[in-house]
Each structure stands twice: as structure tokens, then as C-alpha cells.
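First the structure, in the form of C-alpha cells, and then the observations on it.
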Amino acid sequence: MRSRIAPAAALMAAALLATSCGGAGETQEGAAADLDVAPGVTEDSIKIGSHQPLTGPAAPGYVHISTGAAAVFDYINDNGGINGRQIDYVVKDDAYDPARTIEVTRELVHDEEIFAMLGGLGTPTHSKVVDFLNDEGVPDLFVSSGALMWNQPDKNPLTYGFQVDYTKEAKIQGQYIAENMPDAKVGYLHQNDDVGTDSENGLEQYVAEQRVAVESYDSGNTDVGPQVSALKEADADVVVCSCIPAFSALAMLEAASIGYEPQFVVSTIGADSATLQGLLSEFAAEAGQDDLPAEQMLDGMIYTGYFPSVTMQNDPWVQLFSQIYEDHAEGDSPMTNTTIYGMVQATLMGKALMEAGDDPTRQSLIDAVHEQDLTGPGLVPFASGEDDHGGYSGAQVLQYRAGKEPEVLQDAQVTDNAGGEITEAEVDRPGPDEFGFHDE
Amino acid sequence: MAEQPILTVEGLTAAYGAVTALNKVNMTVPRGGICAVLGANGAGKTTLLRTLSGLKRAEAGRVLLEGADITRIPAERHVHHGLVHVPEGGGVIVELTVEENLRLGGLWRAGRRERAARMAEVVELFPPLRERLSRPAATLSGGERQMLAIGRALMAGPRVLLLDEPSLGLAPLVTRQIMDMLLQLRADRDLTVVLVEQNARSALSITDHGFVLNQGEVVMEDSSRRLLADDRMRHAYLGF
Amino acid sequence: MDQFINLTLNGLSQGAVYAALALSLVIIYQATRVVNFAQPALALISVYIAYTVSQATGSYWLGFGAALLTGLVLGAATERLLIRPVHGRSPLNAIIITLGLLLVLQGLAGMIWSNEPHSFAYPMDYRGRFSPSDWFALGSVGAAALMLFALYRFTPLGLRMRAAAFRPEAARLSGVRVGLMLTAGWAIASVIGALAGMLAAPPFIFPNVLDEVFIFAIAAAVVGGLENPFGALAGGVLLGLGMSYVSGYAGPELTTLAALAILVVVLSIRPDGLFSRPTARKV
Amino acid sequence: MVSLSDHESTSRDKQPESTAPAPTVGDRWRALPALVRFPLAALAAFAAILALTSVTGPTGDLRIGSVGYYMLAIAGLQLLIGYSGQISLGHGAFMFIGAYTMALLVLNQPALPLWLNMIITVVLSCTAGVLVGAATARLHGPYLAGATLALAVGLPALTVRYPELLGGSNGLAFSTRGAPASLAGVITNTQWQAAAVWGTTLIGLVVLATISAGRLGRRMRALRDDEAAAGLAGIPVGRTKVIAFVISAGAGGLAGACQAYLLGTATPSSFTVTLSLSLLAALVLGGLGSMWGAFFGAVALVYVEVWGEELAHALALDSNVANNLPIVFFGVLLILVILVWPRGLHGMASSLADLVRRGR
Amino acid sequence: MTTTTPAPLLAAEGITVRFGGLTALEDVGLSVTPGSVVGLIGPNGAGKTTLFNAVSGVIRPQRGTVSWKGRVLRRHRPHHLADLGIARTLQGLNLFPGLSALDNVMVGADRLARGGPLAMLTGLGRYHSDERRLRERAMAALEEFGAAHAARAMPGTLPFGVQKRVALARAVVAEPELLLLDEPASGLSGEDMDALAAAIRSFRSRMGVLLVEHHMDLVMAVCDHIVVLNFGEVIATGPPERIQSDPAVAEAYLGDTEEVGADG
């Protein structure tokens, strides 16, 4: 019996070897995908997809992005849609697990046949589907992450960034600190991933000499006591916090807890005052300020921003968004900057789709993105040209004032994410009426 | 015959899976009687006690305690009816102290004072336990453990005591002590005792009546004196 | 030196939380030989109930009481409804049931209270090097341990529970309702779990808030020896201190590896944990 | 020791899907030597997978591939838990090792063929298995579970410690070679990938099935059932335990490699404790003690969530409820199956089959 | 019996075992020669199982030696026994409940396999011939004990007597030189007991047997030599006839000395 099996096995092995020859990592470049197509577009609808962490440990904080975007699309649909088409916004939960992201993205592209991807969230997650989306010819607009990698038009022609990248933002923060607080000792507190390293690269260009401590936290470990106490130990007067909101709040609480009062300079990702207020709401009383709301704890916080925040009640866009949120968002949680983040993405998407014409194709959408100034509600110019997919390209420096509109400490500046200069930006902000979603 | 027997067993049958361990066992034990259940290893003696005390489910038959059917009540309720089982090896909880073991036995009764009185009585009965009240039961010798086990059973104020091989592993002198004590208990409290023993002679020497089990069936039943003299007894044990 | 003291104090208050959760695991393991993976979920629901009650009444302590009560009820219900039916089957069955319950309860929490974090207060002022809140954490865990000790040692209920856990059969023969005692064990354990949750959750609660604490609590219980409540306390403090030092001196990303290292070192010296009884195992 | 007593003999479980139910054929099939029987069954299964992928779309291919590598991982766990009776909560750690090995090989040695990468992965993860198995050989029951759980939590932290090499918390991304040019048009890239994963999985399963049907499997089941009696029968208890650990580590590593290959990524957030616990849950859900259990478990792991999402979508629920429905769905399924069918879905399937057979 | 005394297979000398303060065995010895059946008896708690455990390496005695074919065993553990050529059954059945009867016996036959680890792992080499050989040997053993019909059944579904036969088949399938039997007759009916006695007698041609048993019928019927323990000490040794007439034995079993004399 065995004498017959051995040759058969050998044959099978040989066949296997032959077919799987060639390096596993050697990929051949496929032909560019055909963009003159319009999957997901019907007579009366356009399907847009997104992947977001809706459950799991990373979900807190981010659910509001898709809530905000959905509210804007709902608003557009109620006002006649885009060129007569209703927007069908499909959000899939990936629980911030890249394996799931890949699965749901394929599902969106192949089964749901989305026209475009909007605001896929997360660096570890979205980075795993960028190649796929570009290969499949799916416009990958306004990625929800500040990583540098989205802005690679040569490699990923269909991927466009959205938020100001971490290095640009950090450069602007660094320059501001160097110019306005030249004698301060500076400590960094950042997440131990690309958020941290990219931010550090930017900061180092301006405050390397003032820097006294670099501390990082792991998003899986909510105990930041050791880091904050190390910052205090180093006597840092200014703490630049490149953190997600929960960790900005944790750092502030921890600082308060050990009687440490540095000037916090917080990146836009972690400076959502509404979210922070929510997170800190229980602690204001214990801070000994019974008569003041939680926002007192945030009073004086310096942060960078590139779109209007919820506290700017006089801003026409914020007014519109508040109205939309009231009318179209589900749930009863208050509107936050995170909500606005999603709303801005949706607004830009709506605008681009509108400009893509009556018979949109993926190519015409890309053309619209290239040609149109998509600054929209933003406070700084939006880069979406052929050669620059960077999204918002700079930031304002603001200071939070309890109960008031935030104070603009420095007007919008733009820069690049290398060693380039920081320059004043000229912003031409269109009003909501110029978008004309309800003209149809 | 005038008085109702305190314990009546009718057609009691029990099995482990496919193996029948007890086959239609019938027994009556008079109030205040001490009876021995004898038989070689594996004859079903321990199973009989476990079935009587509800640890093992009876397949068929009944157990009557003073006329009340207790066959199907859970093991922990037997104490309330006055039937207490001291399992093979005593079932002393070695992780607890001696005092805790004793307390445990009387817990089911209300009345702190009554429990304290009972504890005093038991300690009186077993002086070696008195000095070791606060020691873990694990430190007791075999004889002391057996005393503790019986003492714990007495804490429950039993009317019927089921004892499974109290002499197991004990030196003859200790065995004798325990047997004497059983006699004394009977005399003092009108306690009824069902005694499972391998040591046939010492068991029969203190009991009035004996049952011999073989393969789960009662093969002999007689007064202890007559059983002692019966050659078949020797055969049942020694096979010769 | 200052840093060392800070890290020590920080480690102590973290360790107290691990110890409390580990204690609840050990109580259940002692009683039913089940590692209860649903423990963080039972605690989570308790904390959410506390949150809701506190929001409604404005009183932290009413919420605190509600959490403990919820723990009691949930623990008892879990044992009665889910664990008892698989009693006597392979222990994996019970583990999987508790895993399933973990998913269900975490999901339910998300459904009812959303996956968004809510601000959740410390019991007391959290400010200061070793704040009243830290004292409260340490003190309440210590008090819980003392009360548990007293319960076990001095009350009839505790005696029954221990008897039922050590020798169920002998306990039954002394009239102890073993099933009821197991339920009581789960209930008490879940009360302590709820306490751990109340201490671990601040400043925010969300459905996964206790996951990390729970992993370290398991590690603490294993380090201390699953058979021994005292071991759980010691294991919790050991782990809390060790992880705090590693986080402060070597880097926060190493804390989980530090926990693993502590576990490996302890278990390679004592395979049954630090405080296990040598008699517990047969050859 | 944990005894897992409700199993049946492997000889009954190895009926491949392709055989007719007639007892004579079944008997003749079982009489075949393992070396013929299992490869034949694997070939049949492979053909079935190819047929299946030809009708499904790319998402379907991905899911089918996912079932494949999950099945391999669960089958390895089956050998460890179901056969040798050692409970591990850290199987995800070996998938982690496998995935990163594959990712590093593809990124740094792109010229190496896939099969060689797979072999290197198996060797490396087996080596890790030897280390872990030897370190935990003295542990039993929940202590082993606790130690392996800590492994599953601790190991992925390495990525953050060595971000240059392992890509930090963003992990590694890469693309792999798709279908060979000669097959272009015949087979899509995703079909090719699913087939490659299943090919690997089936080879792995054949090895696992061969092991478990032979002496080694018998040794493991013997020591699972009764360590003392197994020792007296001359079975080297300690060594057999470590071997079971090593083999299951190899299967886990290979599964991780397949995952990395299929998804083109290795990221720490894919290898959380949740993964390890899910594998264990899927194993028990599928059914302990039978390789079929691994199949049912893997299918449940991949599809229950999908069905849960579809259900939530169909019911048009509030988003809080809808988002959490799949988790609750899986949890309820776990509890119900274990309460009603302690032997898992496989047990359920065989008792249903018995019913049908008796009804006939 | 043979007239010359052959060298003993197994010899235990001066075994003393204490548990804490309790002396379980005090200076106990016994020996088993090839082709003989030695019975070890005594009342419950006499130390039979302790001696058995000391001989098989489960516990290590404080004093005394165990030697196998003249060589002193120092650090032997139970799982070394099989390699030495000693098989041991346990009190109770200890069949593997998750394995079929045949598989149970095949586990016992495991050491007869010739393939190395590679064969076990890959299914190549001797894998299949080993499987076939083990299966044939196991079937033969089951047939020898009249349990062949139950080969594919799970132990739990078999009658107790058949389970016993399977356990016995598992013990002897690997052709040990010495068989240690721990209470093989417990729970057996008369018929099964007779079969067991016949089986043990038939072993005599192939191996030595050390038998711990309560059933005196069986012990007296099959043993060539009997060692009686009581309270951890040997109180009598010799052939069955001598044991039967030894008053010390009757005393150990039946109790009080003074009355034993009367019964003879």
C-alpha cells in the first residue's frame, strides 16, 4: 500500500510547488482601475460607505462621527438630495480591528457596491485597505486620521486625507510655544504610535531646546499616573498633549490629582471641549468649584483647530450644524466637536458629489475633488489638488474660555510635514448658503 | 413487636450505572437498638448507608423513619428528621478547626444556648477534643478524627446514627473505646445506631442484631450472639 | 525618590482594585471550581446601575449601595440560572457559559447606556498624592476582606459556606444546603466584584472599561493561588506595585509584559500560586 | 486535571462529507489507512471549496478563507484541549507569532515562495510552543489557563516595544502575490487566496487528523481521561502534554500566517484576548473532541456576527441596540448551545442525524 | 511449583512509610518470582494500597528498597513501570471513558509500537503498520478475555463485568513480566469472578502476579503465596493453607483474640 502512496504524495507536493512558485511578496502591478464607472449610483440614489469602530474598546468617542455625517446626509436628502439623488450612507462596524476592517471594506465595495468611501476611521485600520480601495478604483475620501500616509498621490491616487496631519499640527504648536512661551519648560505626552512619533517630529523642530520630558501612554492602559508624575518631576510648565480625548481628560485629572498645574497644549484630536466636558462633568464639583460647570476645569487650555468648534456659537456653520443635529440626529447626546468632524466630512462629500455632475462617475467625483476648493466649513485651506491630497493643511491656535467663545491666539497657519516654513494662511470661508444643498 | 420500629427499610434498591449495588434490602431497627451491617468489601454496606441518608438515590423501595417516608428527601433534610450519617473516614472537614466542625453539626438547630450546651456535652464525652478545639481538624489522629466525626453527628441531636466503619485504620484499643462509647450513648440517650463494620467480632460484641450483606443483598439476619457463633460468618469474611 | 513614592502609592491603589476583583474570582472558584469570566460584566452592570441611580438622585452613595445590591442579585441569579444547570459537567462548560454571559451583558450595557464613555465620579476627593479616594479604595478593599474574613470565621453562614466549599458531602450530612451556599458564594463574590468595579471605573465608564482590570485580576488570583482569598489580596497588591514600577521606570507599554513576567516567575517556582495549600493536590 | 469526558471516539468523527451514508461504504471508508483516507477527504473538501468560491464574490471568498484559518486554529486548540485536556486561553498568541512571521517574511524576503513562508512559520511557532509548553508543563487547570491568558495579553505588547521592526500599534501592511499569471481569467485573486488558505488549512488538518487518529492522539486522549492510568500504561505524560502544546502552537501559528496572507496585514489589535477567548468559545460551541467541532466553531465565529449584523439591519433598530446586537447574539448562542447541547453544535448535529436515521 | 527458588522479579525490603505522624507501613517486605501469584491481603486500612503505591513509585518510602530483577529502583515513578515490564491496574476501573474499549486496550499496547515520533506525527513510516499491529494485539487480548464483541463500544455503555475484562486486557496486552492487580474482583458477580480466577491462573505461564484483594475465595484459589498485613506490619506469610490456619489472620479479620481460639 505504502509504495503507491509515496509517489502520489510526491507528485502532489511537486504540483503544489510548481503552482506556488514565485515569491509570496512579489506583487505585479495591476493595470489602473477603470474610473469611468458609477457603481452604487442609481436613478435616485448614491451609496456611500464607511468603516467605523462602533463597538469594542476603541468605540467610545468615535460613534459620533458617523452620527454627525448621517445627520448631514439626512438633511441633504430631506432637501431633495444631490442632483435629485438620495444619499445612502452605509456604516460598517470594524471594532477597530484591522482584520474586520478588511472584511467590511470588501463587503462595502463588492456586496454593497458603494460609489465612494468616506472617512474610514483609524490609522491601523484604514492603512490596511488603502491599497485595496485604490486597486478597486474606489474613491477613498477624507480618511479620519491624521497620519501622514494618506497624502501620497503617486502611490494612492484615490486616497485623500482630511484632518491636518500630526506633524503639521505639531509644528504649528511648537512654533507658537517657542515664540510665546520661550522660557517655559516643555513636556510631551503622547500616544505610543504614529500620533506620538509624528507629533514629536513636528515639535522637535521648534522646542527641542525647551523640551524637558517625553512621556508616552498606551491606549490600552488607562493608568497615566506614572507619566503625569514624571512630567511633574521634570518641572514641565507646558504639557503638549497629543492624545485622544479620553487621555487628555485622564491627564488633566491626574495632574489635578497630584496638584500639578501645567499649561496644557492639546492637539485637535484630543481637544474636543464638549467631549472633555462630558468626561469631566463629574469632577468639577470635587475640584472645589461647586458653582461652576465642568468647563472651568478646561479654562485656559490651549489647543489647535482647523474646523469650527461647538463653542463658536456665532459661526454660521456651527449654527447650521446645530440645527441639523437637532432635526436629524438620532439619540439625545449633546453635539460635540466629534459630531462636527463627521458633519464637515459629509458636507465636503456632498459638495464634491454635487460638483461631480448629473451623471456622476468615480472619475467625475475625483475631478470635482481636484478642481473644487473644499475648504468649506474649515478654518484653514483644504488641499485636495492633483498633487496634494493632504486635506486641511494647517491650524489655528486657540484658547478655551469657560462659558465664552474660544479666543483665537493665532490665526490660521499652514505648513508642510517636513522641514518647511510655517506661513500665514489666507482663508476664504464660504458660508453655508454658498453650498446650496437645499436649492434643488 | 408492640412498639413501632424507628427505622424500616423496604425493598431498597440502588445502582451505580449498570451495576446493582443494593438489591431489595429489607431491614427493621427498633428504637434504641444497635445493629450491625456486616459483609465483605464491596458487599454494599456503604451504599446502604448512603442510600438511607439520601446521598444516593434509591431506584426502588422506601425508607421509613418512625413511619414517615424519608426516601426522597434531600440528604441535608435528614438531619432535621433526626437521622445522621457519619460516613466512612468520618467526613471530618480537615480545613476547619475542631470547634468549627462541631459547631457545623449543630447549626441547623436554632438557639445559641442550646448549641453551647450540646457542645459542652460532646466535649465532655470526648475529652481529647477539648484540648484541641481551636486546632485544625487536619492535625488530629485517626481516633480523634473519628471522635470528632461522631461528636459532630451528636451535635445534631440525632435519634438514629448511621456509622460507617468507625474502626477503619484504628488501633484495637481505640476501636474498643469507640464501641464502648456507643454503648454508653445508647444507654444515656436512647440513641439508635446502625453500625457498618468490617471488624465483625468487635461489631457483634456490642450490637444486638446483625445483617450480613453480600452482593447487595441481605443474606443473613439474626441476633448478634447467634451470628457470632455462626460458621457461615467466617466464610463470608474469609472465604474458608 | 519622590517618583518612587508616587509609583508605590499609585501601585497600591491600583493593586487594591485588582485584589478586590481577584478576591471575587477566588470566592467563586473556591465554591464552584469555576473561573468566572462574567465577573467584569456583572461588575459593569452594577456600576452602570450606580451611575443611573447617582444621576437620578444626585447621591454617589445611593449609587454605591445600588451597585452592591445589583452585584448581589446578579451573582445569585447567575449561579442559579446558568451555572447550576451545568454543575458536574466539564468545567469548560461553565467557563463558556460565563464567557457568553460576558458578551451578553457587555452588549446589553452598550444597548442601554451606549458605547460612549460617561463621566463617572470617584467616591471622594481624588486630588493629592494619596488622595481620600485612594485611601477609600485601599480602605474599602481592606474592609471588604476583613468582613469576608469575619463572615467566614465567625458566622454560621460563613461556616456553612466554607463547609460546602471544602467538603460538600460532609456538609450536606450536617444539614447544610450546599446549593444555597454556592449561590451565597456567588452573590457575595459579585458584591465584592461590584465594589471593585466602583473603584476601577472612574473617571469614565463604558462597556469595556473593566476588561483590562479583569485580566490583571485573573493574573493576581493565579499568582496568589486560586484556593486562597489571602493570596488574591497579596497577588493583587504585588501585581499593582510591579506594574506601576515597570510603567514608571521602564515604559508603559511594558506593563502587560511585566504582568506576564510576574506570573511566569511565580508559577515556575510555585505552580499552584503563592499561597496554595500543598494538601490541595493529590499525587 | 480537567477531565473532559463527553467525547466519542475519533473513528466515528472522521467521516468525510463526500461519502454516501450507506453503512457498507462508510465501513469500507473507515477501514482505509489514515494516510489515504484523510488526504482523500481533504482533496474532496478542497474541490468543494473551489466550487464554492466560484459562485461567491470576493467578500464571500474572504469569509470562506477566514473560516479556513479559524478552523485550522481551532483544530489545533482541539488537539490541545479536546484531546489532551489542557485548557489554553492564549491560543491567539500563537496566531500572533504566525501572522508576524509571515508579515516580516513577505516584507523583508519577498522572493521567498509562500509555501516556504508557511513552513518557516510552522517551525517558528512550534519553537515558541516548545518554550511555552515546557514552561507551563507543571501547571494544571486554571493555572495553565491563567498563564496562557497572560501570554495572549503580554505578547502583542512587543509590537509597541519594537516599533521599527514590528510596526508599533499600526502593525505591518503588505500585499501578496495573487493568482499566477497563467491562471489569470480562470481564477480571481481572492479565489486564489481563499484556495491557498484552504490548501494550507487542509494540509494542516490532515496532519492533525492523522496525529489524532494514531498513537499520539490515543496517548493524548488517554491522559486527558485519566492521567494516572495513562502513566501506568507507559505513556510519557509530561512529554505528551508538551507535544500537544507544540502541535497546537504550530497549527495556531500557521493559522496566523494564513490570516496575515489573506488580509495582507499583521496588527496587534487583531490579536487581543478577545481573539483567544473567541477561539476557545468557538471550540466548545462547535464541539469538543472532534475535528468537525472545529469546522462548526469556525463557521459560527465568522458568520454569527454577519448574521447578527444583518438581523440588526433588518430590524431597523436604534443604533445603540443595533451596534451591540451581534455581540449579544453570539453570547446568547453560546449560552443556549452549552445549556442544551453540552457537546456543542457537532453534538447537536450528530444527535439530529441519529434522530433522522431512527425516523427512517 | 518448581523446586528451586528462581530469582525474584520484584523484591521489596524493609519498607517503612509514614504520613505525618502516622506510620502506614513498618519494615514490610515481599517478593514475587516469575510465574507465581502472590496475594497481599489484610483488613481495610492495613496498608495494602500504601505498599502497592510504594512498590509502584507513587510514594517514596522513608526507608527500605524496591528492586526489580535484582536492581534497586531509586527514583522510579509510576509511568516508568511499563518500560520496566510491569503493568498495574488501579482500584476501580480507570478505563479511559472517552476511548472505545479497543482504543483503551491499544493504549496499553502502546509500548509495542516500533515507529518513532516522526511516524506518529506524519502518518508516514511505521504509522500504519504500528496501528495495525496494535489493533491486532488489542483485539487478541480482548478476545482472550471474552470481550471482543465490545471492541467498538465506549466503556460507559458496557456491563461492569465486561469493563473489568477490558481493564485486564489493557493491563496485560503489552506482555508485562509482572502484573500488579489492585482489587480486581471488587464489584464482580460470581460468574465473572470465576473467569477472573481462571485468567489470573493462566497468567502464571507468562508473568508474575501481585494481587491485592479482599475476596478471600479468589485469593485462596489463585495465589501461590500470601502476605497478610495488619496495621502496617506483616503478620503472616505463606501458602494459602498456612494462612487459612493462622490464628493471627483470623484475628485481624474477625476481631478479638480471646474468641478466636474457640473457632480455630
Side-chain angles (χ1 to χ4, degrees), chain B residues 46 49-50 52-56 73-112 115 134 136-139 145 148-158 161-164, chain C residues 26-27 29-33 80 84 87-89 148-185 224-232 272-273 275-283:
Chain B
T46 295
L49 291 201
R50 290 175 64 84
L52 290 181
S53 67
L55 284 177
K56 171 130 193 69
I73 64 171
E76 57 264 29
R77 295 289 301 177
H78 282 73
V79 179
H80 299 240
H81 287 83
L83 183 130
V84 181
H85 176 186
V86 178
E88 194 176 322
V92 163
I93 301 177
V94 293
E95 290 89 349
L96 303 181
T97 64
V98 171
E99 188 188 355
E100 284 170 339
N101 267 288
L102 290 177
R103 269 207 292 147
L104 184 68
L107 272 187
W108 72 274
R109 299 173 156 270
R112 182 179 289 261
R115 292 203 298 248
S134 58
T139 61
R145 281 191 199 193
L148 176 56
I150 296 173
R152 189 177 71 198
L154 293 178
M155 286 294 293
L161 194 61
L162 310 179
L163 280 178
D164 197 349
Chain C
V26 166
I27 296 169
Y29 184 79
Q30 269 190 319
T32 46
R33 302 277 132 179
R80 267 289 142 109
R84 179 126 350 146
H87 190 75
R89 293 207 213 141
L148 192 70
F149 178 78
L151 170 83
Y152 273 168
R153 186 68 42 173
F154 303 118
T155 69
L157 175 66
L159 184 55
R160 286 195 180 97
M161 288 176 63
R162 280 192 292 157
F166 291 135
R167 302 286 142 114
E169 191 162 275
R172 290 184 77 192
L173 291 178
S174 295
V176 175
R177 292 176 62 187
V178 171
L180 193 65
M181 291 307 112
L182 300 188
T183 310
L226 279 162
E227 321 264 347
N228 191 329
F230 177 68
D272 291 331
F275 296 93
S276 58
R277 253 178 238 95
T279 55
R281 286 251 299 150
K282 290 190 182 131
V283 224

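Throughout, protein chains are lettered first and strands after them, A, B, ... in sequence-line order, and every chain is numbered starting at 1.
Neither the backbone nor the side chain of B/Ala156 comes within contact range of chain C, judged by heavy atoms closer than 4.5 Å. Heavy atoms of B/His85 lying under 4.5 Å from chain C belong to its backbone as well as its side chain.
Counting non-hydrogen atoms of neighbouring residues, nucleotides and ligands closer than 6.0 angstrom, the CZ atom of C/Arg84 exceeds 12 such neighbours. Within a 6.0 Å sphere centred on CZ of C/Arg33, heavy atoms belonging to other residues, nucleotides or ligands number more than 12. The local environment of NE2 in C/His87 is sparse, with at most 12 non-hydrogen atoms from other residues, nucleotides or ligands closer than 6.0 Å.
Of all heavy-atom pairs spanning C/Ser174 and B/Arg152, the tightest one is OG-NE, 3.3 Å. Considering all non-hydrogen atoms of both residues, C/Arg162 and B/Leu96 come closest at NH1-CD2, 3.6 Å. Nearest approach of C/Arg153 to B/Arg103, heavy atoms of both residues: O-NH2, 3.5 Å. Looking at every heavy atom in both residues, C/Gly175 comes nearest to B/Val79 through N-CG2, 3.4 Å. The shortest heavy-atom contact between C/Leu173 and B/Val84 is O-CG1, 4.4 Å.
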Derivation of the side chain to side chain contact (heavy atoms under 4.5 Å, CB included) call for B/Val94 and C/Arg167
CA-CA 9 Å; B/Val94 293; C/Arg167 302 286 142 114; 3.8 Å; yes
Give the intermediate values and the outcome of side chain to side chain contact (heavy atoms under 4.5 Å, CB included) for residues B/Leu55 and C/Glu169.
CA-CA 8 Å; B/Leu55 284 177; C/Glu169 191 162 275; 3.6 Å; yes
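Atom CZ of C/Arg160 and atom CD of B/Glu76 lie 11.5 Å apart (nearest 0.5 Å).
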